[in-house]
There are 2 protein chains.
Amino acid sequence: MPRAGLAPAAVVAAGAALADEVGFTNVSMGLVAERVGVRTPSLYKHVDSLDALRRGIAIQAKRELGDALARATVGLSGPDAVRAFADAHRRWVLDHPGRYAATIRAPEADDEEDRRAGDDVLRILLDVLAGFGPPGAGTIDAARALRSALHGFASLESAGGFGLPRDVDRSYRFLVDTLITGLRPDRPTGAGGAG
Amino acid sequence: MPRAGLAPAAVVAAGAALADEVGFTNVSMGLVAERVGVRTPSLYKHVDSLDALRRGIAIQAKRELGDALARATVGLSGPDAVRAFADAHRRWVLDHPGRYAATIRAPEADDEEDRRAGDDVLRILLDVLAGFGPPGAGTIDAARALRSALHGFASLESAGGFGLPRDVDRSYRFLVDTLITGLRPDRPTGAGGAG
DNA sequence: AGCTTAAAGCTAATACGAATAGCTAACCGG
DNA sequence: CCGGTTAGCTATTCGTATTAGCTTTAAGCT
């Protein structure tokens, strides 16, 4: 039997591709093994467990998402950057539903690598919002708001959650414009005095 | 052996309670059986499958969420209603993480009962936004925006996704205020001319 | 080249959860 | 009290993750 010449990264990559095809939660060791051309137990020479494989898919997906967002927003600032960020986010999610599902999974509390991959994506968002939205620590609030909104829309859309017959593109534009309007720095912070 | 006096609703209710304790995806037939005091196969006298149990939990959860939102917003209108809706939503999600995870699961396309349970929740949101936000069909955009934002925030928070040391309550207030500001009807619709 | 060795792959076996089959006994209506 | 319905049980099957232990490849060294 000739060797398949497999490496951990190849197994993870196959898992990520499979996730987009059959859904993240339906990725099994058996399916991945078939995809890479080995028997199921052989995968354990490259990944520790199904959970470890999922973690690997999540980290790879976060990096790919971060790359896509960074590419989409380079050289832009202000509302243009926010819009480009939002558009790239939605497109990436629609193109990679399984990978996106993987990114939602929260890292274990002590998993530095996984956490860093998520932080890197967040950093891009903070950069996009720098010089836009509220100044100082308020940027974190703005980033959380934008991230929540985009994540929520993406997750509802990819779950088929929008039943009504209204154009989803238009609703997305509305959402992004609403946030941009609301985020303009010349409005009260809303958080009030405390703290 | 005395009978346990079980009914389908009791099995579903036990599953919902368990979901909040161990996580929706970790609810198993075995755990539910132990909780209601029977052996695992006996559950199949009351629910068709694990998938059917999950569906039942989802429907029950959507109804409970709808009740909580309706109670919180009755008699209110305008920004007050939106704020009350948002606060009730977040509180309910934090109190019932497993049930909330169940509500995210999209219904099967032909599942009328499940779909209706979700629609009923959406209707409350539409009522809250009536007379606020953009008029006419734009209300749907506004509802999607608010729903996306609240869902995204809830899902990120309950997944532990906010790593930075900034008060999460404050970020939530900021998000809601940002949307209220952005949703005021005296702004352009953002969708542009094409129609 | 020939030897050694780490690791990649295999088959076989274990563990566990979902689901089914078929039996038994508890309740319900007469 | 009697018969039928059905909740619950034990035993079993099946699918998937995982482990154990063997075999063979391939790479490095002399």
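First the proteins, then the strands, lettered A, B, ... as listed; each starts at 1. Small disclaimer: the values here were computed from a predicted structure and weren't measured.
Taking atom CG on L53(A) and atom P on dT16(D), their separation rounds to 16 Å, with Å as the unit. The distance from atom CG of L31(A) to atom C1' of dG15(D) is 12 Å, rounded to the nearest whole Å. Spacing between atom CG of L43(A) and atom C1' of dT16(D) amounts to 13 Å, rounded to whole angstrom units. As rounded to whole Å, 16 Å separates atom C1' of dA7(D) from atom OH of Y44(B). Taking atom CD of E34(B) as the reference point, atom P of dG17(C) lies 11 Å away to the nearest angstrom. At whole-Å resolution of the value, CE in M29(A) and P in dA15(C) are 19 Å apart. In this structure, D51(B) places its CG atom 8 Å from P of dA19(C), rounding to the nearest Å. Taking atom CZ of R39(A) as the reference point, atom C1' of dA7(C) lies 20 Å away to the nearest angstrom.
A salt bridge does not link R170(A) to D141(B): none of the charged side-chain nitrogens sits closer than 4.0 Å to a carboxylate oxygen.
Residues F132(B) and I180(B) are in side-chain contact: their nearest non-hydrogen atoms beyond the backbone lie under 4.5 Å apart. With a 4.5 Å cut-off on side-chain heavy atoms, Y172(A) and R144(B) do not count as touching. Put simply, the side chain of P8(A) does not reach to within 4.5 Å of the side chain of K45(A), judged on heavy atoms.
In this structure, K45(B) and L50(B) both approach DNA chain C, and ranking their closest nucleotides by distance from the 5' end singles out L50(B).
In this model, the phosphate group of dG9(C) is approached by a side-chain N or O of H46(A) to a distance below 4.0 Å at OP1 or OP2.
Set against dA12(C), dG9(C), dG8(D), the side chain of S42(A) has dG9(C) as its closest nucleotide. Residue V38(B) has its side chain nearest to dC9(D) when only dT11(C), dC9(D), dA19(C) are considered.
Residue contacts for T40(A): at a heavy-atom cut-off of 4.0 Å it reaches a base atom on one of the strands shown.
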